[in-house]
Amino acid sequence: MSATLPVRNVARCSCGKVEFEAIGAPILRSVCYCDDCQEAGHHLQALALAPAVLDAQGGTAFVLYRKDRFVCAQGGDLLRAHKLRAASPTKRLIATCCNAAMLLGFDDAKWWVSVYRGRFTGPVAPVQMRICTRFTPNGAELPADVPRYARYPFQFIAKLLAARVAMLFGR
Ligand SMILES: [Zn+2]
Ligand SMILES: [Zn+2]
């Protein structure tokens with residue numbers, strides 16, 4: 001067991017009815033500029049009372065957790081899945097009580113979820129990378145604080161795979 005576990009953080013909707021518990025260190029902390037995240041972000045943050053999803057440059061900040069380490073603690077019945085297109089393999093879970101976007105997940109057996117960073121009530125370590133920057137809106141100047149990648153970089157995939165391997169070995 002890693003020395004960093006268990007560290008607990010809580011992700012909550014704006015009104016507090018929906019709550020998730022995050023256990024241990026996240027897989028990765030990234031900001032995504034892909035066209036899907038932008039389209040979904042514009043839609044979701046336009047819902048009544050909804051908190052902002054996109055940052056000033058059109059990015060969506062996510063904290064990626066293993067599915068088994070991000071557990072709904074209350075209000076699960078208030079969650080609704082938003083799909084960009086009927087055939088999308090992804091879904092974004094919204095807390096219907098206050099229209100807060102909680103996480104991006106998959107319909108299939110993918111082993112991680114991408115949690116909207118703004119939902120965390122406790123401290124989250126700094127962003128590590130900016131990805132899919134080829135979709136950055138025209139004229140938006142991205143901060144040069146962390147590595148930027150036009151697509152999904154190897155470093156991103158590698159962290160996901162490492163998390164999968166750790167799960168298979170029961171860690
Ligand atoms: Zn709520
Ligand atoms: Zn994206």
Side-chain angles (χ1 to χ4, degrees), residues 1-13 18-41 44 51-55 57-73 76 79 81-84 88-95 100-136 142-143 145-171:
M1 172 116 7
S2 159
T4 57
L5 297 177
V7 175
R8 281 166 197 271
N9 204 338
V10 168
R12 222 179 255 146
C13 68
V18 177
E19 189 172 296
F20 284 84
E21 190 172 40
I23 303 145
I27 299 170
L28 179 65
R29 304 172 302 275
S30 60
V31 179
C32 186
Y33 297 84
C34 83
D35 49 352
D36 278 359
C37 284
Q38 286 191 57
E39 187 182 339
L44 297 175
V53 173
L54 300 172
D55 65 22
Q57 291 85 33
T60 304
F62 286 117
V63 183
L64 279 62
Y65 271 93
R66 273 168 42 173
K67 249 189 199 170
D68 61 331
R69 292 189 179 163
F70 194 74
V71 184
C72 189
L79 293 170
H82 168 76
K83 277 181 167 281
L84 271 182
S88 297
T90 55
K91 60 188 174 198
R92 288 165 174 83
L93 294 187
I94 322 301
M102 301 300 296
L103 64 89
L104 165 62
F106 298 89
D107 287 336
D108 61 14
K110 294 238 171 36
W111 58 93
W112 74 92
V113 291
S114 303
V115 185
Y116 287 95
R117 183 180 174 110
R119 306 286 19 109
F120 283 98
T121 58
V124 181
V127 170
Q128 294 163 293
M129 61 177 75
R130 300 176 189 277
I131 64 168
C132 301
T133 58
R134 69 199 165 111
F135 294 105
T136 307
L142 300 186
D145 50 352
V146 293
R148 290 169 287 181
Y149 303 98
R151 296 180 165 72
Y152 289 99
F154 171 74
Q155 289 85 338
F156 183 88
I157 313 284
K159 282 182 184 289
L160 289 171
L161 290 176
R164 181 71 184 129
V165 169
M167 274 173 102
L168 292 173
F169 285 92
R171 283 178 283 172

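From a predicted model like this one, the values you see are computed outputs, not experimental measurements.
- The two residues Val146 and Val127 have their closest heavy-atom pair at CG1-O, 3.2 Å.
- Put simply, the side chain of Leu64 reaches to within 4.5 Å of the side chain of Phe156, judged on heavy atoms.
- Side chain of Gln155 to main chain of Pro147: no donor-acceptor pair is present (N/O by atom type, distance under 3.5 Å, no hydrogens or angles).
- Inter-residue side-chain proximity for Arg119 and Leu103 is flagged as unmet; no heavy-atom pair is nearer than 4.5 Å.
- Here the OH-CD1 distance, from Tyr65 to Ile23, works out to 9.5 Å after rounding to the nearest 0.5 Å.
- Taking both residues in full, the closest heavy atoms of Phe135 and Cys34 are given as CD1-CA, 3.6 Å, listed atom of the first, atom of the second, then distance.
- Between Thr60 and Leu54 there is a side-chain heavy-atom pair separated by less than 4.5 Å.
- A distance below 6.0 Å separates the ring centres of Phe106 and Trp112.
- Side-chain contact between Phe20 and Val115 is absent, with no heavy atoms from C-beta onward closer than 4.5 Å.
- The minimum heavy-atom distance between Lys91 and Lys83, with the atom names listed, is CB-CG, 4.2 Å.
- Checked by atom type and distance alone, the side chain of Arg29 pairs as donor or acceptor with a backbone atom of Ala125 at under 3.5 Å.
- With hydrogens and angles disregarded, no donor-acceptor distance shorter than 3.5 Å links the side chain of Trp111 to the backbone of Asp68.
- Side-chain atoms of Thr133 come within 3.5 Å of backbone N or O of Tyr149 as a donor-acceptor pair.
- Each of Ile131, Leu142, Thr136, Val31 was evaluated against Arg148; a single residue qualifies, Leu142, per the side chain to side chain contact (heavy atoms under 4.5 Å, CB included) test.
- Contact check for Thr90 versus Leu104: side-chain heavy atoms found under the 4.5 Å cut-off.
- Considering OH of Tyr33 and CZ of Arg130, their distance stands at 4.0 Å, rounded to 0.5 Å.
- For the pair Gln128 and Lys159, the minimum side-chain heavy-atom distance is below 4.5 Å.
- Here SG of Cys132 is found 9.5 Å from CG of Asp36. Values are rounded to the nearest 0.5 Å.
- To the nearest 0.5 Å, the span separating CD1 on Ile27 from CZ on Arg69 amounts to 8.5 Å.
- Looking only at side-chain heavy atoms (C-beta outward), Leu44 and Tyr116 come within less than 4.5 Å of each other.
- A distance of 9.5 Å separates CZ in Arg12 from CE in Met102, rounded to the nearest 0.5 Å.
- In this structure, Asn9 contributes its side chain and Ala22 its backbone to no donor-acceptor pair below 3.5 Å.
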